[in-house]
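This report refers to the structure that appears directly beneath it.
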Amino acid sequence: MKYDVKDLSLSKKGRLRIEWADDNMPVLNLIRARFAKEKPLTGTKVACCLHVTTETAVLMLTLKAGGADIALCASNPLSTQDDVAASLAKDYGIPVFAIKGENHKTYYGHIEAVLGYRPDLTMDDGADLVSVIHKKKGRIPLGGTEETTTGVIRLRAMEKENKLLYPIVAVNDAQTKYLFDNRYGTGQSTIDGIIRATNKLVAGTNFVICGYGWCGRGAAMRAKGLGANVIIVEVDPFKALEAVMDGFLVMPVARAAKVGDIFVTVTGDIHVLRPEHFRIMKDKAIICNSGHFNVEIDIPGLVKLSRKRRLTRDFVEEFVLADGRRIYLLGDGRLINLAAAEGHPAQVMDMSFANQALSAEFMKKNYRRLEKKVYKVPVDIDRRIAELKLVSMGIKIDRLTPEQKKYLASWEMGT
Ligand code: NAI
């Protein structure tokens with residue numbers, strides 16, 4: 001078996017951590033038990049381009065239990081957990097091509113390595129794998145799934161231009177995904193990444209969050225809980241209004257740049273923080289990103305403005321501007337929650353990856369009738385995952401009575 005990981009001797013630690021995640025993913029466990037019996041993915045070759053974390057490892061074991069042949073590479077150069085990659089290769093016999101900190105060439109070399117397995121199905125996070133396949137006009141017989149907002153945006157753009165070569169299920173758009181993973185997962189782990197990297201006290205800081213989408217609102221909620229003065233930057237009037245009424249200060253980035261102590265971009269957009277903002281930031285401002293790609297902060301622009309740069313702590317780079325002010329960039333501007341922390345907790349990835357596993361099964365069963373489009377996760381799958389998650393938490397909810405059902409479906413009855 002081929003693989004490319006940092007160090008196989010890290011596998012023991014990785015295995016223990018995978019077991020820890022597994023213990024916190026009850027829904028995926030149920031799916032794995034069923035997959036082991038029914039083998040719905042027998043003979044299906046799945047190319048996975050995902051953050052190589054403990055939770056992803058549990059998803060890989062689930063697909064394997066279902067009969068799939070898997071190959072895995074990283075969906076970001078800085079998000080791989082090397083101990084997990086080692087354990088997947090050594091303990092579970094899964095071809096893994098991922099090393100934390102890999103350069104651009106190795107990153108794409110690893111995508112090519114996974115494509116060498118001639119996959120039937122792709123499982124992507126950010127659409128880099130799909131994009132490579134499309135540039136080469138490759139053939140994927142069944143279809144694919146996509147994990148994140150940025151990937152779904154890219155795929156919808158391909159669909160619009162009639163460039164999409166095979167059907168994709170947008171896992172990100174399931175309610176059991178974005179309402180929990182993007183909001184509570186990114187919310188908690190982004191703050192976790194900033195704290196692990198800097199060990200700074202969040203209380204009393206002016207904490208600027210650019211983007212009040214699902215991820216941004218999660219981060220805002222958690223930063224507020226730690227005592228920060230949260231400032232939101234938005235371009236969408238609805239989101240901006242929500243932020244105002246959720247009790248946050250909302251202002252343009254040019255104003256926020258002057259007062260912020262810590263900045264997080266989480267928009268999926270490009271150059272949200274750029275030289276005109278770095279020029280007016282306070283000394284020792286901390287800037288980081290939790291959006292999918294490292295383009296939200298104009299790093300080349302920051303480099304140009306700086307006369308000196310050095311790494312001061314792991315994942316903390318100091319840039320000294322001409323007038324001596326310092327700006328600290330975290331995690332090379334890559335997703336800070338995965339670069340400096342461990343990504344989302346298993347409890348939320350349980351639902352995201354339940355969607356992945358069931359969407360792969362759906363694709364295998366239904367590919368013949370699907371067109372070259374981006375599809376939503378079927379509502380019954382999404383709902384079932386929510387129900388199973390509640391059961392696993394020991395929480396019961398009510399059911400509509402027949403009278404209530406009738407009432408809610410009728411229009412005649414008023415006051
Ligand atoms: P979303 O679409 O819900 O929110 C993005 C928000 O950013 C929108 O409200 C939009 O109006 C705003 N925005 C766009 N351009 C802006 C600009 N120039 N200035 C200020 N605001 C701007 O998207 P979601 O789900 O919150 O995802 C955001 C990013 O985070 C995506 O790149 C996504 O792939 C990524 N993501 C990262 C995760 C992580 O683990 N760090 C997990 C899930 C998603």
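Just so you know, these numbers come straight off a predicted model, no measurement behind them. Numbering of ligands and ligand atoms starts at 1, following listing order. Side chains included, hydrogens not; waters and symmetry mates left out as well; all remaining heavy atoms used.
For the pair Arg217 and Tyr212, the distance from NZ or CZ to the six-membered ring centre is under 6.0 Å and the angle to the ring normal is within 45 degrees. For the pair Lys372 and Tyr166, the cation does not sit on the ring face, since its NZ or CZ is not both under 6.0 Å from the ring centre and inside 45° of the axis.
Close contacts of ligand 1 with Thr150, meaning ligand atoms under 4.0 Å from a residue heavy atom, involve 31 (C), 32 (O), 33 (C), 34 (O). Distances below 4.0 Å separate heavy atoms of His344 from the following atoms of ligand 1: 39 (C), 40 (O), 42 (C). In the vicinity of Thr148, heavy-atom distances shorter than 4.0 Å reach the ligand 1 atoms 33 (C), 34 (O), 35 (C), 36 (N), 43 (C), 44 (C). Near Cys215, with a cut-off below 4.0 Å to any heavy atom, the atoms of ligand 1 are 24 (P), 25 (O), 26 (O), 27 (O), 30 (O), 36 (N), 43 (C), 44 (C). Of all atoms in ligand 1, numbered sequentially from 1 with element shown, those under 4.0 Å from a heavy atom of Leu335 are 37 (C), 39 (C), 41 (N).
Asp283 places a side-chain N or O within donor-acceptor distance of the main-chain N or O of Arg326, the cut-off being under 3.5 Å.
The shortest N/O to N/O separation between Cys210 and ligand 1 does not fall below 3.5 Å. Backbone and side-chain nitrogen or oxygen atoms of Lys177 are examined, and none is located within less than 3.5 angstrom of a nitrogen or oxygen of ligand 1. In terms of N/O distances under 3.5 Å, ligand 1 is approached by Trp214. Residue-to-ligand polar distances place Asn182 within reach of ligand 1: an N/O pair is separated by less than 3.5 Å.
Between Leu329 atom CG and Ile287 atom CD1 the span is 5.0 Å, to the nearest 0.5 Å. Atoms CG and CD1, on Leu388 and Ile31 in that order, are 7.0 Å from each other to the nearest 0.5 Å.
If you check which protein heavy atom lies closest to atom 40 (O) of ligand 1, you get Asn337 ND2, 2.8 Å. For atom 17 (C) of ligand 1, the nearest non-hydrogen atom of the protein is Val235 CG1, 3.6 Å. Thr267 O, 3.6 Å is the protein heavy atom nearest to atom 5 (C) of ligand 1. Scanning the protein for heavy atoms near atom 28 (C) of ligand 1, the closest one is Val266 O, 3.6 Å. Here the heavy atom of the protein found nearest to atom 30 (O) of ligand 1 is Gly291 CA, 3.5 Å. Ranking the protein heavy atoms by distance from atom 4 (O) of ligand 1 puts Gly213 CA, 3.1 Å first.
In this model, no donor atom of one side chain and acceptor atom of the other lie less than 3.5 Å apart for Ser87 and Ser11. Side chains of Gln356 and Glu147: a donor-acceptor N/O pair is present below 3.5 angstrom, by distance only. For the residue pair Arg17 / Gln81, a side-chain donor-acceptor distance below 3.5 Å is found, with atom types taken as modelled. One side chain, Asp181 or Ser352, offers a donor N or O that lies under 3.5 Å from an acceptor on the other. In the model, Thr148 has no side-chain atom that pairs as donor or acceptor with a side-chain atom of Asn172 under 3.5 Å.
Among Lys308, Arg310, Arg313, the single residue meeting the side chain to side chain donor-acceptor pair (under 3.5 Å) criterion with Glu318 is Arg310.
At a heavy-atom cutoff of 4.0 Å, ligand 1 is contacted by the side chain of Lys239 but not by its backbone. Here Thr149 has heavy atoms under 4.0 Å from ligand 1 in both its backbone and its side chain.
The closest non-hydrogen atom to atom 12 (C) of ligand 1, taken over Glu234, His51, His292, Met349, comes from Glu234. When the options Asp125, Asp236, Thr186, Ile153 are ranked by their closest heavy atom to atom 38 (C) of ligand 1, first place goes to Thr186. Compare Ser352, Gly193, Ser290 by their heavy atoms: the one nearest to atom 37 (C) of ligand 1 is in Ser290. Counting heavy atoms only, Asp269 comes closest to atom 16 (C) of ligand 1 of the residues Asp269, Ile232, Val233.
Across His51 and Thr56, no two heavy atoms sit closer than the pair O-OG1, 2.6 Å.
Ring centroids of Tyr3 and His110 are separated by 6.0 Å or more, keeping the two rings apart.
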